[in-house]
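See structure below.
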Amino acid sequence: MLTHLAVIMDGNGRWAQRRGLPRAMGHREGVEALRRLVRLCPKYEIRYLTVYAFSTENWKRPEAEIQTLMLLIHEFLDRELIVLKEQGVRIRILGDIGPLQPALREKIKNAVSTTAGLEKLHLSVALNYGGRQELLRSAKALAKRALKGENPDDWREEDFAGELYTGDLPEPDLLIRTGGDTRISNFLLWQIAYTEFWSTETYWPDFGEKELAEAMTAFTNRQRRYGGV
Ligand code: FPP
């Protein structure tokens, strides 16, 4: 069973360059691919979808591109929130939205709170997210608990995992990366310890049902042994 799918949506820029278009058009088409995938999840009985929208490293991009990405998230929420609610999609954010523009932060908070009771699909958007930053944050939270009197010797892996942004989410079963690279890029470092990895040359804006079905078939044919035999 594939319960939780995680995706590194790579290749938007190259998709656009190949067509002689500005990179922004690649990101715009990338949002369309995300909308398609959200709609496909119920058909494939995927209950959790986690996507990498903006990393802590993406602040190094040109200001105009950062603004485009933020605008697209804004537009996505304006346009899609009603539909997402109808589809029973719960939205969560993994990452620190503190540095985002106040208007976008409010829109995100509203989307998160008004979808909080829904559970057909849990859509987690990694936004200003970095895996190492998340691990450090969890370590700090535990350190604070120790200062309040908890004994670190009593802690188990679940205590550390519980302080991650993904605290109450299951670990991903499959991680897909589009765009041809086979890197993790600081995504879900703790959570993917036993996750299957599948990459495709297809650029993210071209990702659709054909590619999802291919990934699902590859996943189904793998044996997950979790260190056993
Ligand atoms: C990587 O492609 C893609 C990103 C950094 C952004 C992904 C974001 C979206 C698809 C939009 C998210 C929107 C919502 C609503 C969550 P790249 O630009 O690095 O591509 P390249 O490797 O070809 O340059």
Side-chain angles (χ1 to χ4, degrees), residues 5-41 48-85 87 89-97 99-101 103-112 114-115 121-131 133 165-166 175-188 199-208 211-212:
L5 173 66
V7 187
I8 300 176
M9 310 180 287
D10 198 17
N12 294 348
R14 283 167 285 161
W15 181 93
Q17 274 159 4
R18 200 170 256 192
R19 288 164 176 75
L21 298 168
R23 289 175 60 84
M25 287 304 293
H27 293 310
R28 195 166 278 285
E29 285 305 313
V31 176
E32 292 307 310
L34 177 58
R35 288 177 63 222
R36 276 199 301 273
L37 180 57
V38 167
R39 282 162 175 68
L40 283 169
C41 282
Y48 297 84
L49 173 65
T50 299
V51 295
Y52 207 2
F54 193 87
S55 75
T56 44
E57 288 74 31
N58 286 153
W59 294 109
K60 292 182 214 150
R61 294 190 175 210
E63 184 58 26
E65 183 163 342
I66 295 171
Q67 289 310 323
T68 297
L69 285 165
M70 297 300 158
L71 180 70
L72 286 173
I73 296 167
H74 224 112
E75 283 181 11
F76 177 79
L77 292 175
D78 280 343
R79 229 175 33 155
E80 285 292 298
L81 190 56
I82 293 174
V83 184
L84 291 172
K85 279 190 197 165
Q87 293 170 335
V89 178
R90 175 174 177 176
I91 300 174
R92 302 170 198 243
I93 299 294
L94 315 180
D96 175 15
I97 64 164
L100 307 187
Q101 301 250 321
L104 180 55
R105 267 197 330 252
E106 285 316 306
K107 199 146 278 185
I108 289 171
K109 282 184 195 161
N110 174 54
V112 169
T114 59
T115 61
L121 175 70
H122 296 251
L123 171 64
S124 301
V125 179
L127 187 53
N128 191 25
Y129 171 90
Q133 175 260 346
Y165 291 120
T166 51
L175 170 61
I176 294 178
R177 180 169 186 142
T178 59
D181 287 322
T182 46
R183 282 189 293 275
I184 299 302
S185 299
N186 204 15
F187 191 41
L188 302 177
S199 75
T200 171
E201 294 291 328
T202 301
Y203 295 141
W204 174 248
D206 288 331
F207 190 92
E211 290 73 20
L212 178 63

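In listed order, ligands and their atoms are each counted from 1.
- For Val51, no heavy-atom contact with ligand 1 is shorter than 4.0 Å.
- Atom 1 (C) of ligand 1 has as its closest protein heavy atom Met9 O, 3.2 Å.
- Of all the heavy atoms of Leu77, none lies under 4.0 Å from any atom of ligand 1, so neither backbone nor side chain is involved.
- Of all heavy-atom pairs spanning Ile108 and Ile93, the tightest one is CG2-CG1, 3.4 Å.
- Of the N or O atoms in Gly13, one or more lie within a sub-3.5 Å distance of an N or O in ligand 1.
- Ligand 1 places these atoms under 4.0 Å from at least one heavy atom of Val31: 11 (C), 13 (C).
- The existence of a salt bridge linking Glu32 and Arg39 is excluded, since no basic side-chain nitrogen approaches an acidic carboxylate oxygen closer than 4.0 Å.
- In summary, the atoms of ligand 1 found under 4.0 Å from a heavy atom of Phe76, numbered by their order in the structure, are 15 (C).
- Applying the 6.0 Å contact sphere to CD of Gln17 captures more than 12 heavy atoms from other residues, nucleotides or ligands.
- Counting heavy atoms under 4.0 Å from ligand 1, residue Arg23 touches it through the side chain alone.
- In terms of N/O distances under 3.5 Å, ligand 1 is not approached by Trp204.
- With distances taken over non-hydrogen atoms, the option nearest atom 7 (C) of ligand 1 out of Gly11, Ala53, Ala16, Gly30 is Ala53.
- Ring geometry for Phe187 against Tyr129 counts as perpendicular: the plane angle is over 60°, on a 0 to 90° scale with 30° as the lower cut.
- Remark: ligand 1 and Trp15 share no N or O pair separated by less than 3.5 Å (distance only, no angle test).
- Sparse packing is recorded around CZ of Arg28, with 12 or fewer heavy atoms of other residues, nucleotides or ligands lying under 6.0 Å away.
- In this structure, Glu75 has no heavy atom closer than 4.0 Å to ligand 1.
- Here's the thing with Arg61: one of its N/O atoms is less than 3.5 angstrom from an N/O atom of ligand 1.
- Residue contact check: Asn58 has heavy atoms under 4.0 Å from atoms 5 (C) of ligand 1.
- Distances below 4.0 Å separate heavy atoms of His27 from the following atoms of ligand 1: 18 (O).
- The atoms of ligand 1 that sit less than 4.0 Å from any heavy atom of Leu34 are 14 (C), 16 (C).
- Geometric assessment of Arg18 against the ring of Trp15 yields a negative cation-pi assignment under the 6.0 Å and 45° thresholds.
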